[in-house]
Amino acid sequence: KIVRVQRKTLKLKDGKLHTSLVRIVRRDNKFQKLKYNSNDIDAFVLYSPDTTKCYLVSINEAVGNEIVLRLTTPKNNQVVSVKWAVDYEI
């Protein structure tokens, strides 16, 4: 099976790797922000130059306009719904 992926680069800030999950397209001489969906891709392959690792995130897990993968525990120690980077390493 062929898997359709979109490559994105992650940025490191405060123990979190993050990137935008929208694309900018030009239509009718206007720029629009569009979200990816399952008709476009199956997953994101995310590369971090800071960790020199790649991460694979299914389109079904990519909710919202940004993905955040944690490297360290949040300052408030809240870990519910945290996406740990190590769980997505490939």
Side-chain angles (χ1 to χ4, degrees):
K1 177 182 175 184
I2 296 175
V3 177
R4 302 164 299 159
V5 298
Q6 176 64 43
R7 179 205 172 273
K8 293 281 197 172
T9 301
L10 293 161
K11 295 179 183 177
L12 176 63
K13 184 177 180 183
D14 299 327
K16 301 177 284 191
L17 297 169
H18 61 95
T19 192
S20 171
L21 296 180
V22 297
R23 57 189 167 167
I24 307 295
V25 296
R26 187 174 178 174
R27 290 190 180 154
D28 301 323
N29 289 325
K30 295 179 183 177
F31 291 99
Q32 295 179 331
K33 287 184 180 182
L34 299 177
K35 290 186 63 168
Y36 293 93
N37 62 53
S38 59
N39 293 325
D40 302 319
I41 63 172
D42 298 311
F44 289 96
V45 173
L46 309 171
Y47 173 70
S48 169
D50 298 294
T51 64
T52 66
K53 295 181 180 176
C54 287
Y55 306 88
L56 182 67
V57 178
S58 165
I59 188 69
N60 298 325
E61 293 185 69
V63 179
N65 293 332
E66 180 180 56
I67 185 96
V68 177
L69 302 178
R70 295 285 324 195
L71 294 172
T72 60
T73 304
K75 291 179 184 177
N76 65 2
N77 293 317
Q78 182 178 345
V79 293
V80 176
S81 301
V82 169
K83 287 182 169 58
W84 296 102
V86 68
D87 295 334
Y88 296 91
E89 283 182 20
I90 53 173

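Just so it is clear, the model here is predicted, and its values are computed rather than measured.
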Q: Is a side-chain N or O of Arg4 found less than 3.5 angstrom from the main chain of Ser38, in a donor-acceptor match?
A: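 Yes; at least one donor-acceptor contact below 3.5 Å.
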
Q: In terms of hydrophobic clusters joined by side-chain contacts under 4.5 Å, are Leu56 and Val3 together?
A: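 Yes; tracing contacts between hydrophobic side chains, which count when under 4.5 Å, links both residues.
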
Q: Is there a side-chain contact between Leu69 and Tyr88 (heavy atoms, below 4.5 Å)?
A: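 Heavy-atom side-chain distance check passes, below 4.5 Å.
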
Q: Indicate, with yes or no, if Ile90 and Val5 share a hydrophobic cluster defined by side-chain heavy-atom contacts under 4.5 Å among Ile, Leu, Val, Met, Phe, Trp and Tyr.
A: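 In one cluster with Val5: Ile90, yes.
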
Q: How long is the straight-line distance from SG of Cys54 back to CG of Leu46, given to the nearest 0.5 Å?
A: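 One finds 8.5 Å between CG of Leu46 and SG of Cys54.
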
Q: If hydrophobic clusters are built from ILVMFWY residues whose side chains come within less than 4.5 Å, do Ile67 and Leu12 share one?
A: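 Looking at the clustering, Leu12 is in the same group as Ile67.
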
Q: Any link between Val45 and Ile59 through a network of hydrophobic side chains (Ile, Leu, Val, Met, Phe, Trp, Tyr) touching at under 4.5 Å?
A: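 No, because Val45 and Ile59 fall into different hydrophobic clusters, even though each may have its own neighbours under 4.5 Å.
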
Q: If you count the non-hydrogen atoms of other residues, nucleotides and ligands that lie under 6.0 Å from NZ in Lys35, is the total more than 12?
A: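 Above 12, so yes.
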
Q: Please tabulate, for the side chains in residues 18-29, all donor-acceptor contacts under 3.5 angstrom to protein atoms that are two or more places apart in sequence or on a different chain.
A:
{"unit_1": "His18", "atom_1": "ND1", "unit_2": "Glu66", "atom_2": "OE2", "d": "3.3"}
{"unit_1": "Thr19", "atom_1": "OG1", "unit_2": "Thr9", "atom_2": "O", "d": "3.0"}
{"unit_1": "Ser20", "atom_1": "OG", "unit_2": "Val22", "atom_2": "N", "d": "3.2"}
{"unit_1": "Arg23", "atom_1": "NH2", "unit_2": "Asp40", "atom_2": "OD2", "d": "3.1"}
{"unit_1": "Arg26", "atom_1": "NH2", "unit_2": "Asn29", "atom_2": "OD1", "d": "3.1"}

Q: Taking Asp14 for its side chain and Lys16 for its backbone only, find out whether a donor-acceptor pair lies under 3.5 Å.
A: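 Flag not set: sc Asp14 to bb Lys16 has no pair under 3.5 Å.
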
Q: Give me the atom names and distance for the closest heavy-atom approach of Asn37 to Asn39.
A: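 Scanning both residues completely, I find the closest heavy atoms to be OD1-N, 2.7 Å.
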
Q: Who are the side chain to side chain contact (heavy atoms under 4.5 Å, CB included) partners of Thr51, not counting sequence neighbours?
A: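 So Thr51 forms a side chain to side chain contact (heavy atoms under 4.5 Å, CB included) with Leu17, Ser48, Lys53, Tyr55, Leu71.
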
Q: Might you point out which heavy atoms bring Pro74 and Val82 nearest each other, and give the distance in Å?
A: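 Smallest interatomic distance, heavy atoms only, reads CG-CG2, 4.5 Å.
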
Q: Do you know the tightest heavy-atom contact between Lys8 and Phe44?
A: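 Looking at all heavy atoms of both residues, the shortest contact is CG-CD2, 4.1 Å.
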
